[in-house]
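Here is the structure we will look at.
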There are 2 protein chains.
Amino acid sequence: MESITVYDIAREANVSVATVSRVLNDTAPVRTSTRQKIMAIIEKHKFQPNALARSLVNKKTGMIGVLFPDSSNMFFPEVFGGAERAAQKLGYTLFLCNTFSDFSRESEYLTLLRERQVEGLIFMGGRINSRHCPDALVQEVLDIQKKIPVVLINGSLPGHPCHRVKTNEYLGTELIMQHLIDHGHRHIGFLGGSGETTTTFEKLQAFRRMMHANRFPVRKDWVRLGDFSIDCGYELMSQTLEHRNPPTAVMCINDYVAIGAMKAAISRGLRIPEEMAIAGFDDTQLSSAMNPELTTVSQHSEQLGRQAMAILHKLIQKEKVKKLTVLVPKLIVRQST
Amino acid sequence: MESITVYDIAREANVSVATVSRVLNDTAPVRTSTRQKIMAIIEKHKFQPNALARSLVNKKTGMIGVLFPDSSNMFFPEVFGGAERAAQKLGYTLFLCNTFSDFSRESEYLTLLRERQVEGLIFMGGRINSRHCPDALVQEVLDIQKKIPVVLINGSLPGHPCHRVKTNEYLGTELIMQHLIDHGHRHIGFLGGSGETTTTFEKLQAFRRMMHANRFPVRKDWVRLGDFSIDCGYELMSQTLEHRNPPTAVMCINDYVAIGAMKAAISRGLRIPEEMAIAGFDDTQLSSAMNPELTTVSQHSEQLGRQAMAILHKLIQKEKVKKLTVLVPKLIVRQST
DNA sequence: TTGTATGCGTTATCAC
DNA sequence: GTGATAACGCATACAA
């Protein structure tokens, strides 16, 4: 396993390491004959330069750390898929870190990424969506931000300016609510999400405002939080339906909860959308695969990632970039409403 | 951005770098007073040692490269989720590489990972599932295998022994076929997958053998290949139903194709499973979220990843490990059959 | 066009 | 306990 180095190549080619390095990076003219000789030896040994050593002198790794909370929710793979494509074009490589929404895991990855000398960071989920994030955890992000550029997706560090790109989730909620209202619904429920989460809070506020603005009653039992999973959607819809006076429509925190809700409604014999209209959020691939197809709101997930990467690149280039980028969500009307 | 080094710490503490290094790794006794002084300075500057330099001398990065074809198919996140949990316990970090099933992307990542000095490699999808993989691409894997341990998940390099862990997909297919047959089906279709893919081929063989063994007719129009997506499932089922004599049941290459197929069947007014039984493969989270719930076969996805990581670890420790690990699939009967 | 020498930030081997 | 100093593998300024 003794890895072969430029010295080995140089010796075998009767040249100096400098020359080998030159053909490796073609950073200076090398006589064709010697270049070929060297290349042949490189090829022969399948020599590949040690990126660690290289980065150590360059002070560049070309790596971007990406923290995301949950790869079982397609939304996130879609986002970092967009980021990855952008990264490739710009010559970066993503270092994907699945935090499982665990703060301590986030912390571990944060230090790991710094030590590994990533040149930038894209942060999704976890603490940047937490409504009561301990100062120490905020500080960690602030600290790393002093060293390398950081871009937050759909999140923030309350009280601290950060570069961030986000969907206008408030507007997204309004779109979906208006759509339901236009269809004659006035008994509308809100399902899923966590009260500890800023994104949930934002949607909930928009939901409440729309209800009040239209002088619709908002029953306590029509607003049920939990988490972001299919199971949760199923559970919450089941609970809602057990009640004497269920809403005629629900908006769900995301597509997964909506899918669970749909299943619960259908399994109780309700017809969708006639007896129960259901809307999701995120427009993941799944939404169009459901039966009936799910009405939802697109966050332009790939674009979210692409933009974040673009901003990060500018930041790395020491360019000035405006702090906040807001993407406009789009209502996708399908069959479930 | 001038990063702070052990020298800076040493200078400020009036000690040598060696001592700083000692408290960093506590590799040798250091007087408590000096240790505290050093630690204070480290804390004060939020100093974090450069992992590149460290790895350069240690010759250890603690990194494992993971190639996977498609993060939009939940199966793969499930697998590397399992691998990740195992990796963490063993002190490794995963370097996730989304190849998008693109051979050239695989090649790029392969060299990138080598250069970055990963200590092992987990390979999924792409060329190791290709029935006609160009020699050059096989050779690439062979080359890297000479340098670092490689574990293939659900794939192989024809003609070359490799460490691999796989599900017995042949058996999985038999399970599902027997299940359908037990339910009285004899007109059974096969939907999705690609003929260029070894896994598809394996399932198809099992399918055909089961059909022949039972003396069932296998119509050409009942076997429709394509890819592994929801859309494909929808399309193939639609085509199948347009035919005069459709099967009464179909087994699909995976859950996604099955979901698409379900949708197509339902949208044509067919009742599932009464008029059309549909089975998937992989037992992704989605399968239980469908309506009706999808009968499928579990590959024990997380375990696949966990095992691969365990084997890799042993290999890295220079332990002998048997080349092939086969996991036994499990039939999950739900409502769609 | 090519070679020599030095530095990148750590760890490790010696001495003291 | 602590401090010089030589690696680690590569890139590059400076010479030649």
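Worth knowing before you read on, the calculation uses all heavy atoms, side chains too, and leaves out hydrogens, waters and symmetry mates. All values reported here derive from a predicted model rather than from experimental measurement. A note on names: the letters A, B, ... follow the listed sequences, proteins ahead of strands, and every chain is numbered from 1.
Note on A:V15: only backbone sugar-phosphate atoms sit closer than 4.0 angstrom, heavy atoms only; bases stay farther off. Using a 4.0 Å heavy-atom criterion, one finds that B:V30 contacts the sugar-phosphate atoms exclusively. Residue contacts for B:S55: at a heavy-atom cut-off of 4.0 Å it reaches no nucleic acid atom on any strand shown. Residue contacts shown for A:T5 are limited to sugar-phosphate atoms, with no base heavy atom under 4.0 Å away. Within 4.0 Å (heavy atoms only), A:N14 reaches sugar-phosphate atoms of the nucleic acid but no base atom.
In this structure, B:D8 atom CG and C:dG9 atom P are separated by 9 Å, rounded to whole Å. Atom P of nucleotide C:dG9 and atom NZ of A:K60 are separated by 16 Å, given to the nearest angstrom. When rounded to the nearest whole Å, the span between CG of A:L52 and C1' of C:dT10 equals 11 Å. In this structure, NZ of A:K59 is placed 10 Å from C1' of C:dG7, rounded to the nearest angstrom. If you measure from atom CZ of B:R54 to atom C1' of C:dA12, you get 14 Å, rounded to the nearest angstrom.
For the residue pair A:S55 / B:R116, no side-chain donor-acceptor distance below 3.5 Å is found, with atom types taken as modelled. Inspection of the A:E78 and A:Q299 side chains reveals no N or O donor paired with an N or O acceptor under 3.5 Å.
In summary, B:E115 and A:R54 do not engage in a salt bridge, as defined by a charged side-chain N under 4.0 Å from a carboxylate O.
Between B:F80 and B:F68, the two ring planes are tilted [angle within 30° to 60°].
Along DNA chain D, the stretch of nucleotides lying under 4.0 Å from any heavy atom of chain B spans, 5' to 3', D:dG1 to D:dG9.
With hydrogens and angles ignored, the 3.5 Å screen pairs a side-chain donor or acceptor of B:N98 with a backbone N or O of B:F100.
In terms of phosphate contacts, B:S21 brings a side-chain nitrogen or oxygen within less than 4.0 Å of OP1 or OP2 of C:dT11.
Interatomic distance, OG1 of B:T199 versus CG of B:N129, reported as 5.0 Å (0.5 Å rounding).
Shown here for B:E119 and B:I64, the closest heavy-atom pair between the two residues is C-CD1, 4.4 Å.
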